[in-house]
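These notes concern the structure reproduced below.
Order of the sequence lines sets the chain letters (A, B, ...), proteins ahead of strands, with each chain counted from 1.
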Amino acid sequence: MDLIDDSDKPVPLSQRAAAARPMPYLDGLNAAQRAAVEALDGPVLLLAGAGTGKTRALTTRIAHLLMLGKARPGQILAVTFTNKAAREMKDRIARLLGEVVEGMPWLGTFHSISVKILRRHAELIGNGTLHLKPSFTILDTDDQIRLLKQLIAAENLDEKRWPARQLAGLIDGWKNRCLTPPNLPKGDAASFDGWGGRLYAAYQERLLTLNAVDFGDLLMHCVTMFQAHPDVLKSWQDRFRYILVDEYQDTNVAQYMWLRLLAQAHRNICCVGDDDQSIYGWRGAEVGNILRFEKDFPGAQVIRLEQNYRSTPQILAAASGLIATNQGRLGKTLWTDAEPGEKVRLIGHWDSEAEARWIGEEIEAFHGGHRAAIGQVSLNDIAILVRASHQMRAFEDRFMTIGLPYRVIGGPRFYERAEIRDAMAYFRLVVSPADDLAFERIVNTPKRGLGDKALQTIQVVARQNGVSLLDGARIVVEEGHLGGKGLTNLRDFVTGIGRWHADAIDSTVSHVELAERLLDESGYTAMWQNDKSPDAPGRLDNLKELVKALEEFENLQGFLEHVALVMDRDDGEAGEQVSIMTLHAAKGLEFPLVFLPGWEDGLFPNQRAMDESGTKGLEEERRLAYVGITRAERLATISFAGNRRLYGQWQSSMPSRFIDELPADDVEVLTPPGLYGGGYGAAMAFAGASPGDAMYDRAAKADVYNSPGWKRMQARAVERKGPVHRTPVTINASPASSFTVGDRVIHPKFGEGEVMGMAEDTLTIQFEAGFKNIKAAYVQSVGIADDDVPF
DNA sequence: TACCGGGTTGTTTTT
DNA sequence: CAACCCGGTA
């Protein structure tokens, strides 16, 4: 742990000598990258466009610092936003230096580094009477909400009118801006119907009594502590001789203050960012931070990385054309000398299911090597990037049925699952018996016959005696405040926790063994074993995985710490899989083939983003689109669906306005499979309207499609010569020719209908629900056995 | 106290 | 169309 305390020891000879050695890691850098690596002293702003070798520059810079002996690993502060990024940087530095350097103790996320700092000064955080102890726990969102609910209830407020979630959001926002309750502006304090400031203060106090902090506190406490204790600040300033910041465009006010405090003495700070990839404004990130860097650090060197090594010229051009619409950019001109590749592909679909089907087929074709221009592609090289996580479902469903292996990245997280959180609560309580939140979570899990009434009794007794809930429970047991089965069970529970706690302190008992015994003897494992719901086995597996994860840690405390901060699971490499993730999760990643579905106005750009933040919101959405396109190395495919299910209701929408903004020369418009040959009907179907739809009527009557984008779409579709798209490899395709107009057919979802028209392999059918365009393969003549309908 | 059923509610993105 | 929360009942 204390690698850092060697900071004032002299730099070892081996490293000094290194300065004289050749520095092979500098080879192959372009001029700008090299400048970024060698400008070690003083403030540097590195504007690094997508795919320009930003991480390489950053890691090489660190390697250079070490090799020149300018700093020891413990004297370099390197901050990232995600654990993934931190891990990658560590790996790459190790590779550059041939593993000669022990880990970098201060390379990590803002949050993980803040925890390390706070643990050393916990006692400085407080309100005069209460203060933190170094063993403070870190609450996750769930705990936070539960706590706020209690506080809201304590004020006798109706939870319906004052939702805890909303308050949590407000508090988060304040902490992002480093506003403590006393510093809260009047307007903010009056939010939440006037209760905001008061509840915030109550919440902060409650956290202190619980010896707990939430995520926002990690940053805010650091900053306030630095401000209140210049001597402490000084010691950290002295320690960190060089500061590097990744993804600087995503820093919020609190992080900005944090950095400025630490950097202001020596000003050896290097911030790397790309204003065009700022996509976290909604959680408080301030693009302004990057825009005003030069003002904050006068004399800063600004270095631009503009040569892109990732994507084809077409992909780059499409992305650049799109982002050019944004105002107020710092401005970069990305270029590449890569060979021309494929144009960005654009395709519209009838609905989200058709979109998922088509993408599934495309992926199979690429994977099978059936695309000459691209060649055979591993599934690992393919990603589907969506705007909102609910879009993932259509793909999961589809891929499940066709047996296409996929992995969801950043989906429901491992550590957020109920069984894991329960188990963790057991660990927490055993490690720190005063953890009341953990106690509340698990006293009655598994069921011990301890309901609201019992819990209330315990709370009252605990409060009267000024002790933790666990101790309160102990008193309740001793004094027999409770009757019957509940009492016996509570006694067992309390003595059990006591016993396990003793084991946790006893260093001769392995923590892994303790964890296993804990889950067994408490009856928690049994609870799931007796559960006959379909997901119970999976939960047991998760518990096993959890225990296995314990092995990599010294003790339970260490593990709990890790989990609180590293909420991501390192997904096991399980063969070839297509990746599905949100655009946000995709930042920093790259894939040869990228699918970008759901480009519809309202979904992307997201309606709420526009409603809440207007032009700013729209521009952030556009940056998100930019991030999406620039993830692709060889081929990007954008798609939209005319109809999508929202809240269980089908809803039609227009193609995204971003589609209009793509430079036409770099885009190839594909005709969706199975539509009419062309003309009016095709155009309608292309936009997702069909006879009977309100949209269709509107279009027929007026000029709904008079938007520039729509016109261009039509123009492009007509320009195209012949079908660009191959016939999809539909299973069991029954030719449309086997039907005639007037046939009665049956569809698995829409039921029975009548064929009203046909084109190629698509039928227009009148169902009860209205007219639909359906591929012939998906319907059956009425009366025919439906055993080969591909559903 | 536990369980069941109905009504309500919500979906942007996350350390 | 979920999932979740609440209230009523066994």
Side-chain angles (χ1 to χ4, degrees), chain A residues 79-86 108-115 138-141 144-145 149 158-160 163-166 168-169 172-173 175-176 213-220 246-247 250-252 254-255 278-285 385-394 397 409-413 415-416 418 443-456 482-486 489 563-568 581-587 598 602-613 617 620-621 623-625 627-628 644-651:
Chain A
V79 216
T80 62
F81 273 83
T82 64
N83 297 293
K84 199 170 57 188
T109 62
F110 276 104
H111 297 270
S112 66
I113 289 169
S114 295
V115 174
I138 303 160
L139 301 190
D140 60 27
T141 328
Q144 214 184 114
I145 302 278
K149 270 189 187 155
D158 180 14
E159 230 212 72
K160 287 256 158 69
R165 289 206 135 277
Q166 193 191 328
D172 238 38
K175 291 184 176 177
N176 283 339
V213 300
D214 66 18
F215 265 99
D217 282 335
L218 294 175
L219 271 298
M220 189 175 77
D246 194 13
E247 309 281 14
D250 289 334
T251 50
N252 60 33
Q255 287 156 340
S278 162
I279 55 175
Y280 285 105
W282 54 273
R283 69 167 202 218
L385 311 181
V386 298
R387 175 61 183 85
S389 46
H390 69 255
Q391 289 171 261
M392 293 180 180
R393 178 146 186 188
D397 285 354
I409 294 180
R413 286 180 240 223
Y415 292 111
E416 280 169 13
V443 237
N444 203 29
T445 313
K447 301 269 178 273
R448 296 191 175 91
L450 299 162
D452 279 349
K453 217 185 88 215
L455 193 58
Q456 248 170 22
L482 234 59
K485 224 169 80 192
N489 287 338
V563 169
L565 293 168
V566 187
M567 291 293 278
D568 59 345
M581 69 190 91
T582 63
L583 287 161
H584 284 88
K587 190 162 72 155
L603 177 62
F604 192 36
N606 179 275
Q607 193 59 48
R608 200 163 139 186
M610 293 188 288
D611 290 347
E612 285 174 6
S613 316
E620 179 153 316
E621 294 287 302
R623 291 193 291 267
L624 204 44
V627 167
R644 194 172 288 278
R645 237 211 304 258
L646 192 66
Y647 300 133
Q649 207 99 69
W650 285 96
Q651 189 186 287

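- Ranked by how close their nearest DNA chain B nucleotide is to the 5' end, A:Thr80 and A:Ala609 are led by A:Ala609.
- In this structure, the NZ atom of A:Lys587 is 16 Å from the P atom of B:dT13, given to the nearest Å.
- When distances are taken from the side chain of A:Ala454 to each of B:dG10, B:dT15, B:dT1, the shortest belongs to B:dT1.
- Here the P atom of nucleotide B:dT14 and the CD atom of A:Gln255 are 16 Å apart, to the nearest Å.
- B:dT13 has A:Trp282 stacked on its base ring, the centres lying under 5.5 angstrom apart and the planes within 30 degrees of parallel.
- For the pair A:Phe215 and B:dT15, the ring geometry qualifies as stacking, because the centroid separation is below 5.5 Å while the planes lie within an angle under 30°.
- For the ring-ring contact (aromatic ring centres under 6.0 Å, His included) test, residues two or more places apart in sequence or in another chain that qualify with A:His584 are A:Tyr280, A:Trp282.
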Filtered N/O pairs between nucleotides 5-8 of chain B and protein, under 3.5 Å:
none

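- Look at A:Asn176 and you won't find any side-chain N or O under 4.0 angstrom from OP1 or OP2 of B:dT15.
- Atom CD of A:Gln651 is separated from atom P of C:dC1 by 15 Å (rounded to the nearest Å).
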For nucleotides 2-4 of chain C, list the nitrogen or oxygen atoms of the protein found under 3.5 Å from its nitrogen or oxygen atoms, one pair per line.
from: C:dA2; atom 1: OP1; to: A:Arg393; atom 2: NH1; distance (Å): 3.4

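- Spacing between atom CG of A:Asp452 and atom C1' of C:dC5 amounts to 13 Å, rounded to whole angstrom units.
- Using C1' as the reference atom, C:dC6 and B:dT11 are 22 Å apart when rounded to the nearest Å.
- Residues A:Gly598 and A:Leu603 share a closest heavy-atom pair of O-CD2, 3.4 Å.
- Looking only at distances, no side-chain donor or acceptor of A:Glu620 sits under 3.5 Å from a matching main-chain atom of A:Gly617.
- Picking from B:dT15, B:dT13, C:dC5 the nucleotide with the shortest atom distance to the side chain of A:Lys149 gives C:dC5.
- Backbone-only engagement by A:Phe81 is indicated by non-hydrogen atom pairs under 4.0 Å involving sugar-phosphate atoms exclusively.
- Where A:Leu646 and A:Gly449 each meet DNA chain B at their nearest nucleotide, the meeting point lying more 5' is that of A:Gly449.
- To the nearest 0.5 Å, the span separating NE2 on A:His111 from CD on A:Gln255 amounts to 5.5 Å.
- The interatomic distance linking A:Ile145 (CD1) with B:dG10 (P) rounds to 13 Å, in whole Å.
- Minimum heavy-atom separation, A:Gly628 to A:Leu583: CA-CD2, 3.6 Å.
- Distance, A:Met581 CE to B:dT14 C1': 15 Å, rounded to whole Å.
- Checking B:dT15, B:dG10, B:dT14 against the side-chain heavy atoms of A:Tyr280 singles out B:dT14 as nearest.
- In the set B:dT13, B:dT15, B:dT1, B:dT13 carries the atom at the smallest distance from any side-chain atom of A:Thr582.
- The two residues A:Gly284 and A:Asn252 have their closest heavy-atom pair at O-CB, 3.0 Å.
- A:Gly486 approaches A:Leu450 most closely through the heavy-atom pair O-CD2, 3.6 Å.
- One distance of note links CG of A:Asn176 with CG of A:Leu219; it measures 8.0 Å at 0.5 Å rounding.
- Rounded to whole Å, the distance from CZ on A:Arg165 to P on B:dT11 is 7 Å.
- More than 12 heavy atoms of other residues, nucleotides or ligands lie within 6.0 Å of CG in A:Asp611, so this atom counts as buried by the packing criterion.
- Here the closest non-hydrogen pair linking A:Ile279 and A:Asp250 is N-OD1, 3.7 Å.
- Out of B:dT1, B:dT13, B:dT15, the shortest distance to the side chain of A:His584 is found at B:dT13.
- Distance from the side chain of A:His390 is smallest for B:dT11 among the nucleotides B:dT15, B:dT11, B:dA2.
- Expressed to the nearest 0.5 Å, how far NZ of A:Lys447 lies from NZ of A:Lys485 amounts to 12.0 Å.
- The CG-P distance, from A:Asn83 to B:dT15, rounds to 8 Å in whole Å.
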